[in-house]
Amino acid sequence: MARILITSAIPYINGIKHLGNLVGSQLPADLYARYARARGHEVMFLCATDEHGTPAELAAAKTGKPVEVYCAEMHQVQADLARGFRLSFDHFGRSSSPQNHRLTQYFAGRLAENGYIQEVTEKQVYSRADNRFLPDRYIEGTCPNCGYDKARGDQCENCTKQLDPTDLINPRSAISGSTDLEVRETKHLYLRQSLMRDELEAWIDSKTDWPVLTTSIAKKWLNDGDGLQDRGITRDLHWGIPVKKGDQDWPGMEGKVFYVWFDAPIEYIAAAAEWAEANGKSEADWRRWWRTDEGAADVRYVQFMGKDNVPFHTLSFPATIMGSRDPWKLVDYIKSFNYLNYDGGQFSTSQGRGVFMDQALAILPADYWRWWLLSHAPESSDSEFTWENFQQAVNKDLADVLGNFVSRVTKFCRSKFGEEVPAGGAWGEREQAVIEELGTRLTAYQAHMEAIEIRKAATELRAIWVAGNEYLQAAAPWAVYKDDPAAAAAIVRFALNLVPFYATLSAPFIPDASATMLEAMKMANADWPTDVTAALERLASGHAFAVPENLFRKISDEERAQWQADFAGQR
RNA sequence: GGGCCUGUAGCUCAAUGGUUAGAGCAGAGCGCUCAUAACGCUUUGGUUGGGGGUUCGAGUCCCUCCGGGCCUACCA
């Protein structure tokens with residue numbers, strides 16, 4: 001039994017996430033967490049909402065609510081949706097929590113003590129009308145290169161030229177449109193990552209088992225241009241964690257807050273502290289997950305995220321931890337994902353394009369989405385959601401292969417032997433062959449799950465379901481029954497035992513259907529099978545069961561067409 | 001511009017440099033009748049994006065061209 005710490009990239013607060021966000025971090029993290037628990041490991045699975053930054057302030061302003069209120073409400077919305085998708089977080093925290101305030105300020109203090117913080121005075125664009133400094137991309141104007149009139153201060157979307165806000169002709173605030181802008185001096189803290197470049201590179205180099213996607217992005221940042229650059233970790237904003245050096249004020253930094261990308265990863269740690277408080281645990285209870293000197297030396301820490309998050313998790317956050325010179329737990333494995341596209345284009349939060357978490361659950365139960373998304377996870381390249389593919393895959397895999405198997409075996413038993421596991425007959429060579437096949441496939445399935453090869457694991461699981469149909473077809477108990485009811489009983493007993501077996505193996509992917517299967521078979525729980533023969537003898541003769549409702553209904557062509565139309569436009 | 005990823009059957013994807021490039025879905029044929037018109041068996045389908053090279057041997061390595069995508073440090 002191992003101890004596994006799992007974190008999912010924390011979703012930003014400014015709205016409901018789409019299926020691309022879900023499959024890029026939270027869902028695969030949940031799959032792994034559920035599997036690890038099922039195998040008897042001690043798991044701490046953490047996630048949170050990422051609440052600070054300019055977009056949160058603007059989103060709140062749009063609703064007319066104070067940003068604290070807006071974030072609290074949106075956190076609740078996201079928490080409810082997470083529950084709806086059966087994401088089994090041990091704790092779903094908030095980056096605005098008091099715990100994160102303390103830890104973020106603590107880390108900043110430690111970094112300063114160790115010489116990794118530099119104060120830099122720089123010039124930034126200030127909007128008098130908006131009463132705030134503007135991030136580069138919140139300044140719009142005419143591109144000096146191509147004349148496009150909606151170029152942003154960081155880059156022109158039309159000609160892709162990279163810009164400085166001061167390059168723009170007729171600059172204006174993207175928030176209010178105001179042209180009442182001025183350049184002001186302001187002081188910020190920089191994390192001196194460059195001093196830790198070699199240390200970081202050696203650490204990355206030691207991670208030979210990481211996905212190429214993860215290491216190649218890290219390498220690029222380490223070696224690009226002049227190498228790893230220092231990074232500003234403070235902002236002139238109202239909403240955020242006030243800049244402090246531990247619990248001391250930071251002279252000259254009054255009224256400033258830490259940059260979200262500084263405090264967001266620290267929330268991974270703070271979420272454990274929140275977990276402890278919420279569950280009546282002690283400081284030591286959460287620190288044994290995070291401090292290698294306080295019990296975390298044997299912890300394996302796995303992170304899940306989309307590829308856009310990789311630089312922060314491979315470089316900035318490790319630099320924060322290393323630079324503290326405290327024995328905090330560094331990540332052991334990073335599983336990163338490409339993007340899920342929607343019907344020929346990208347999912348887009350700002351444009352409302354695609355299917356969002358609340359809409360998905362309004363249409364179909366979580367298992368449908370979980371199965372499709374996980375079995376099509378964008379592991380090696382971007383993948384694409386289309387309604388045709390979704391309908392086809394869900395109907396075939398869930399309704400026809402798995403659902404119908406459970407249906408045919410339970411109903412056949414009921415009609416011939418009643419709703420209890422029938423006695424009589426014995427298993428023969430055919431059953432032995434199936435047991436051997438299942439043993440081989442179970443081993444492969446476990447290997448894929450442990451390696452977090454999600455699509456391969458899904459393929460193997462599906463093959464395990466198919467084996468049940470193949471067996472029934474070959475054994476044909478409906479034909480055998482006419483001449484030899486006892487032999488038919490043995491076949492049915494074997495097939496019935498596949499149901500809880502499937503329920504256990506499938507639970508990480510489709511937890512609700514798995515629970516339904518176990519309930520129907522009147523199994524309070526089903527341990528992970530270590531021996532297939534033993535696992536298929538758990539339902540003994542005379543064990544009562546109930547024929548369940550169909551596990552999955554099929555998606556009709558009409559529904560598919562309707563949804564296609566419903567989601568074609570903007571949200 | 002630079003860097004990285006990617007291109008394999010109609011679709012979604014597999015294949016430590018090593019037999020005849022494999023699965024699922026879709027298509028075709030056959031079988032079964034327990035089951036949600038479900039299931040099973042068989043089967044059609046490939047110049048592995050194009051071209052060149054290295055090698056006894058290339059989907060895999062190198063060069064080049066073409067297409068798709070991502071990142072490029074102040075969105076998060």
Side-chain angles (χ1 to χ4, degrees), chain A residues 9-14 50-56 58 122 124-125 133-139 152-155 160-162 164-165 174 188 193 211-213 215-217 219-221 223-225 228-232 235-236 259-261 264 306-312 315-316 338-339 341 346 349-350 375-376 378-384 386 388-389 392-393 395-401 403-416 455-456 458-459 462-463 466 468-479 481 488 491-492 495 547 549-554:
Chain A
I10 65 178
Y12 198 62
I13 194 72
N14 71 339
D50 178 14
E51 306 194 357
H52 299 132
T54 308
L58 297 179
E122 55 193 9
Q124 292 240 311
V125 174
F133 281 94
L134 297 176
D136 289 358
R137 72 171 48 196
Y138 283 98
I139 304 161
R152 295 188 320 206
D154 56 341
Q155 185 175 33
T160 74
K161 186 179 172 62
Q162 285 182 49
D164 193 82
H188 282 297
Q193 306 182 122
V212 188
L213 183 65
T215 48
S216 65
I217 293 173
K219 289 277 190 179
K220 167 75 160 86
W221 282 55
N223 298 315
D224 197 36
L228 186 62
Q229 302 297 298
D230 294 341
R231 198 178 177 93
R235 291 289 183 274
D236 287 293
Y259 176 42
V260 277
W261 263 116
K307 57 185 166 187
D308 52 332
N309 275 312
V310 168
F312 303 98
L315 302 168
S316 302
N338 288 284
Y339 292 144
N341 290 320
Q346 292 193 345
T349 301
S350 57
S375 61
H376 294 78
E379 289 176 298
S380 55
S381 64
D382 291 353
S383 64
E384 175 157 318
T386 64
E388 288 88 349
N389 188 306
Q392 220 165 57
N395 284 356
K396 193 72 190 174
D397 297 349
L398 295 182
D400 295 347
V401 175
N404 183 55
F405 172 77
V406 173
S407 177
R408 66 194 294 207
V409 63
T410 53
K411 284 175 181 168
F412 179 76
C413 183
R414 180 174 62 185
S415 74
K416 295 292 185 282
R455 283 180 313 198
K456 287 180 181 174
T459 300
R462 187 188 188 282
V466 167
N469 283 313
E470 290 172 348
Y471 167 74
L472 266 191
Q473 194 64 34
W478 48 88
Y481 183 79
I491 295 167
V492 169
V547 174
E549 294 294 308
N550 285 341
L551 293 179
F552 301 98
R553 70 177 186 83
K554 294 216 206 188

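Source: prediction; values computed, not measured. Order of the sequence lines sets the chain letters (A, B, ...), proteins ahead of strands, with each chain counted from 1.
Minimum atom distance to the side chain of A:Pro55 is reached by B:C75, of the listed B:U36, B:G40, B:C75. For A:Phe552, whose side chain is taken as the heavy atoms from C-beta onward, the closest listed nucleotide among B:A26, B:C11, B:U36 is B:U36. Each of B:C75, B:U12, B:G2 was ranked by its minimum atom distance to the side chain of A:Lys220; first place goes to B:G2. With distances taken from any side-chain atom of A:Leu228 to the nucleotides B:A73, B:A76, B:A26, the minimum falls on B:A73. Nearest to the side-chain atoms of A:Lys554 among the listed nucleotides B:A38, B:C71, B:A15 stands B:A38. Distances were taken from every side-chain heavy atom of A:Tyr138 (C-beta onward) to each of B:C75, B:A76, B:C39; the shortest belongs to B:C75. Which of B:C39, B:A76, B:C4 sits closest to the side chain of A:Tyr259 comes down to B:A76. Closest to the side chain of A:Gln392, out of B:C39, B:A35, B:A26, is B:A26. Distance from the side chain of A:Trp221 is smallest for B:A73 among the nucleotides B:A15, B:A73, B:G69. Of the candidate nucleotides B:C75, B:C71, B:U36, B:U36 has the atom nearest to the side chain of A:Asn404.
Here the CG atom belonging to A:Asn14 is positioned 11.0 Å from the OG1 atom belonging to A:Thr54, to the nearest 0.5 angstrom.
At a threshold of 4.5 Å between non-hydrogen side-chain atoms, the residues A:Leu398 and A:Leu551 do not count as touching. Residues A:Ser383 and A:Asn338 form no side-chain contact, since every pair of their non-hydrogen atoms from C-beta on lies 4.5 Å or further apart. Counting heavy atoms from C-beta outward, A:Tyr138 and A:Leu58 have side chains that approach closer than 4.5 Å. Between A:Leu315 and A:Arg231 the shortest side-chain heavy-atom distance does not fall below 4.5 Å. With a 4.5 Å cut-off on side-chain heavy atoms, A:Arg408 and A:Leu472 count as touching.
For the C1' atom pair drawn from B:G52 and B:A58, the interatomic distance equals 14 Å after rounding to whole Å. Atom name P, nucleotides B:U43 and B:A21: the rounded distance is 16 Å, in whole Å. Taking atom C1' on both B:G10 and B:U72, the two are 37 Å apart, rounded to the nearest angstrom. For the C1' atom pair drawn from B:C56 and B:G17, the interatomic distance equals 12 Å after rounding to whole Å. The same atom, C1', is picked in B:U6 and in B:U48; the two are 14 Å apart, to the nearest Å. Taking atom C1' in both B:A9 and B:C4, the straight-line distance is 29 Å, to the nearest Å. Across the P atoms, B:G69 and B:U64 are found 22 Å apart, a figure rounded to whole Å. Distance noted for atom P between B:U16 and B:A23: 16 Å (whole Å).
Side-chain atoms of A:Trp261 come within donor-acceptor range of the base of B:A76, with a qualifying N/O pair under 3.5 Å.
At whole-Å resolution of the value, CD in A:Gln229 and C1' in B:C71 are 16 Å apart. If you take CG of A:Asp50 and C1' of B:A76, they are 7 Å apart, rounded to a whole angstrom. Protein atom CD of A:Glu379 is 13 Å distant from nucleotide atom P of B:U6, rounded to whole Å. The CG-P distance, from A:Leu398 to B:C25, rounds to 14 Å in whole Å. In this structure, NZ of A:Lys219 is placed 21 Å from P of B:A73, rounded to the nearest angstrom. Rounded to whole Å, atom C1' of B:U72 lies 12 Å from atom CZ of A:Arg137. Taking atom CD of A:Glu384 as the reference point, atom P of B:C13 lies 9 Å away to the nearest angstrom. Counting to the nearest Å, the C1' atom of B:C39 and the CG atom of A:Asn469 are 5 Å from each other.
When atom types are taken as modelled, the side chain of A:Ser407 and the backbone of A:Gly403 share no donor-acceptor pair closer than 3.5 angstrom. Distance alone, capped at 3.5 Å, places no donor-acceptor pair between the A:Tyr339 side chain and the A:Glu384 backbone. In this structure, the side chain of A:Asp50 does not engage the main chain of A:Pro11 through any donor-acceptor pair within 3.5 Å.
A residue-by-residue look at A:Pro11 and A:Arg408 shows that A:Arg408 has its nearest nucleotide of RNA chain B further toward the 5' end. In terms of position along RNA chain B, the nucleotide closest to A:Ser216 lies nearer the 5' end than the nucleotide closest to the other residue of the pair A:Ser216 and A:Ala264.
Using cut-offs of 30° and 60° for the angle between ring planes, the A:Trp261 and A:Phe312 rings count as parallel.
Between A:Arg455 and B:G24, a side-chain N or O to OP1/OP2 separation shorter than 4.0 Å is absent. For A:Lys456, no side-chain nitrogen or oxygen approaches OP1 or OP2 of B:C13 to under 4.0 Å.
Here A:Thr54 lies in heavy-atom contact (under 4.0 Å) with sugar-phosphate atoms only. Within the 4.0 angstrom heavy-atom criterion, only backbone atoms of the sugar-phosphate kind lie near A:Asp400; the bases stay farther away. No engagement by A:Tyr481 is indicated, since no non-hydrogen atom pair under 4.0 Å with the nucleic acid exists. Across all strands shown, A:Glu549 has no heavy atoms under 4.0 Å from either base or sugar-phosphate atoms. Looking at heavy-atom distances under 4.0 Å, A:Ser415 makes no contact with the nucleic acid at all. As judged by a 4.0 angstrom heavy-atom cut-off over every strand, A:Val492 is placed among residues making no nucleic acid contact.
Of all the heavy atoms in A:Val409 and A:Val492, the pair that sits closest is CG2-O, 4.4 Å.
Look at A:Trp478 and the base of B:C34; the rings stack, centres closer than 5.5 Å and planes less than 30° apart.
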- Report the secondary structure of RNA chain B in dot-bracket form, marking unpaired bases with a dot and bases paired to a different strand with |, and treating Watson-Crick or G-U pairs with both distances under 3.5 Å as paired. (((((((..((((....[...)))).(((((.......))))).....(((((..]....))))))))))))....

